[in-house]
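No experiment lies behind these values; they were computed from the predicted model shown.
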Protein chains: 2
Amino acid sequence: MSGSNDRPAFERGTGFLLARLGSLTARSWTAFLGEHRLSQGQYAVLVALDRHGVVGQRRLAELIAVDARNLVPVLDQLVDRRLVERRPHDTDRRRRVVTLTEEGSTLVGALAVAAAEEQDRFLHALPEAEREQLNRLLQRLYAAHVPADGPE
Amino acid sequence: MSGSNDRPAFERGTGFLLARLGSLTARSWTAFLGEHRLSQGQYAVLVALDRHGVVGQRRLAELIAVDARNLVPVLDQLVDRRLVERRPHDTDRRRRVVTLTEEGSTLVGALAVAAAEEQDRFLHALPEAEREQLNRLLQRLYAAHVPADGPE
DNA sequence: TATTGTTATACTCTATAACTATA
DNA sequence: TATAGTTATAGAGTATAACAATA
């Protein structure tokens with residue numbers, strides 16, 4: 001007698017699966033990014049900057065759904081490697097504006113193909129149509145939890 | 001000029017979304033489970049045991065897709081709270097067999113409704129049909145990465 | 001030799017509290 | 001008074017390396 005009881009199957013609940021699959025995906029990303037000496041958080045910053053251009057740290061933290069405090073050491077490391085720059089804001093002297101350097105931009109571009117292949121490996125169990133379906137659903141869910149691209 | 005360039009939108013890639021949404025889901029679970037003094041890992045163990053019954057630690061680690069070494073302290077805590085028991089295997093003296101206690105089983109049952117509500121809150125952006133679609137896709141993906149229910 | 005469980009250790013991610021300098 | 005960035009710190013998740021007991 002193993003493998004069934006009279007309770008709902010939370011092990012198959014969407015929330016449970018999202019958390020576990022997120023963990024597995026993060027592991028996969030970590031292994032892949034480690035080859036380029038990047039953490040998941042660092043890569044998230046690079047990708048977000050590549051898409052959104054110049055932003056303040058607060059806005060950047062929102063964009064990648066991490067806490068602004070935890071963003072500080074991540075940016076420190078990226079600045080050390082000259083992949084991003086922190087510069088003072090033109091008018092608001094509280095702010096420090098973050099941008100990709102030439103080198104950072106090049107790295108994101110170079111990783112693009114390999115990252116796509118890595119993703120394909122992880123999704124190998126799903127045929128193309130289902131992958132697109134999954135992607136659309138995840139985009140909608142993500143948009144509901146992360147503030148969209150706004151002004152400034 | 002912000003919000004577009006000529007590169008593929010990795011920020012919207014499935015792997016990226018899975019990792020970020022997994023993180024957000026884990027945060028949501030952590031906040032919810034914290035009210036019951038449970039970590040995500042502890043809850044994963046309880047749920048897995050509730051479904052699969054008596055298993056060894058190696059098999060248990062596989063079932064919830066965590067490393068067997070990291071399972072040790074998690075089980076220690078659960079044993080301290082008398083939610084699970086570790087007992088010697090009947091014939092193989094290397095093994096220690098893990099089971100839910102009466103108290104652990106009761107707790108999982110008590111959390112069932114609240115956990116379902118928590119999940120609904122997180123998925124509020126998707127209508128029912130899409131939620132089921134998402135759940136099916138995630139189940140298939142999860143099954144491809146985690147060994148299914150086997151003998152013993 | 002291989003397997004089960006374990007310890008020690010380190011890095012990443014996340015969260016709470018409190019501080020500074022500006023607005 | 002509120003906001004942008006920061007520091008210190010702690011807990012949880014994951015990973016590598018190495019070990020004892022048993023098969």
Side-chain angles (χ1 to χ4, degrees), chain A residues 19-45 54-79 84-98 145 152, chain B residues 19-45 54-79 84-98 145 152:
Chain A
R20 294 314 304 153
L21 275 170
S23 175
L24 292 178
T25 311
R27 263 189 252 187
S28 161
W29 277 114
T30 299
F32 165 67
L33 292 172
E35 300 170 16
H36 305 275
R37 297 198 305 134
L38 287 173
S39 71
Q40 201 195 337
Q42 289 171 346
Y43 187 62
V45 167
V54 179
V55 290
Q57 293 188 196
R58 219 86 170 187
R59 176 70 186 137
L60 178 57
E62 277 181 5
L63 284 173
I64 59 178
V66 304
D67 194 298
R69 296 159 212 144
N70 302 321
L71 188 57
V72 176
V74 174
L75 286 176
D76 289 342
Q77 295 164 332
L78 289 174
V79 168
V84 310
E85 276 179 357
R86 262 193 286 219
R87 294 198 314 243
H89 188 274
D90 285 343
T91 60
D92 187 341
R93 296 202 304 182
R94 292 174 303 181
R95 298 198 197 180
R96 304 180 70 184
V97 146
V98 184
H145 287 272
E152 179 82 2
Chain B
R20 295 312 305 153
L21 275 171
S23 175
L24 293 178
T25 312
R27 263 190 252 186
S28 160
W29 277 113
T30 298
F32 165 68
L33 293 172
E35 301 170 16
H36 305 275
R37 297 198 305 135
L38 286 174
S39 71
Q40 201 196 337
Q42 289 172 345
Y43 187 62
V45 166
V54 179
V55 290
Q57 292 188 197
R58 219 87 171 187
R59 175 70 186 139
L60 178 56
E62 278 180 5
L63 284 173
I64 59 178
V66 304
D67 194 298
R69 298 158 209 144
N70 303 320
L71 189 57
V72 176
V74 174
L75 286 176
D76 289 342
Q77 295 163 333
L78 289 174
V79 168
V84 310
E85 276 179 356
R86 261 193 287 220
R87 294 196 316 241
H89 188 274
D90 285 341
T91 59
D92 188 340
R93 296 201 305 181
R94 290 174 306 182
R95 299 197 197 181
R96 303 180 71 183
V97 145
V98 185
H145 287 273
E152 177 82 1

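Listed pair S39(A) / dC13(C) meets the phosphate criterion, a side-chain N or O lying under 4.0 Å from OP1 or OP2.
The shortest side-chain heavy-atom distance between V45(A) and L75(A) falls under the 4.5 Å cut-off. The shortest side-chain heavy-atom distance between Q42(B) and Q77(B) falls under the 4.5 Å cut-off. Within the 4.5 Å cutoff, the side chain of Q57(B) has heavy atoms near those of the R86(B) side chain.
Residues T30(A) and R69(A) both approach DNA chain C. Their nearest nucleotides, taken by heavy-atom distance, put T30(A) toward the 5′ side. Comparing Q77(B) and T91(B) along DNA chain D, the residue whose closest nucleotide (by nearest heavy atom) sits nearer the 5' end is Q77(B).
The listed nucleotides are dT22(D), dC13(C), dT14(D); the one nearest the side chain of Q40(A) is dC13(C).
When the P atom of dT7(C) is taken as reference, atom CG of D67(B) falls 14 Å away, rounded to whole Å. Remark: P of dT7(D) and CG of N70(A) are 13 Å apart, rounded to the nearest angstrom. When the C1' atom of dA4(D) is taken as reference, atom CD of E62(A) falls 12 Å away, rounded to whole Å. Protein atom CG of L75(A) is 10 Å distant from nucleotide atom P of dG5(D), rounded to whole Å. In this structure, W29(B) atom CH2 and dA12(D) atom P are separated by 17 Å, rounded to whole Å. If you take CZ of R87(A) and C1' of dG5(D), they are 17 Å apart, rounded to a whole angstrom. Regarding L78(B), its CG atom lies at a distance of 14 Å from the C1' atom of dA12(D), rounded to whole Å. Rounded to an integer number of Å, the gap from Q42(B) CD to dG13(D) P is 8 Å.
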Table please: side-chain donor-acceptor pairs of residues 65-73 of chain A below 3.5 Å, with sequence neighbours left out.
from: D67(A); atom 1: OD1; to: R69(A); atom 2: N; distance (Å): 2.9
from: D67(A); atom 1: OD2; to: R69(A); atom 2: NH1; distance (Å): 3.4

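At least one donor-acceptor pair closer than 3.5 Å links the side chain of T30(B) to the backbone N or O of A26(B). For H36(B) (side chain) and L38(B) (main-chain N/O), no donor-acceptor pair under 3.5 Å exists by modelled atom type. At distances below 3.5 Å, not a single donor-acceptor pair connects side-chain atoms of S23(A) with backbone N or O atoms of A19(A).
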Taking only nitrogen or oxygen atoms into account, show me every contact under 3.5 Å that the protein makes with nucleotides 2-5 of chain C, one pair per line with its distance.
from: dT3(C); atom 1: O4'; to: R94(B); atom 2: NH1; distance (Å): 3.4
from: dT3(C); atom 1: O2; to: R94(B); atom 2: NH1; distance (Å): 2.9
from: dG5(C); atom 1: OP1; to: Q57(B); atom 2: N; distance (Å): 3.2
from: dG5(C); atom 1: OP1; to: R96(B); atom 2: N; distance (Å): 3.1
from: dG5(C); atom 1: OP1; to: R96(B); atom 2: O; distance (Å): 3.2
from: dG5(C); atom 1: OP2; to: Q57(B); atom 2: N; distance (Å): 3.4
from: dG5(C); atom 1: OP2; to: R58(B); atom 2: N; distance (Å): 2.7
from: dG5(C); atom 1: N7; to: R58(B); atom 2: NH1; distance (Å): 2.8

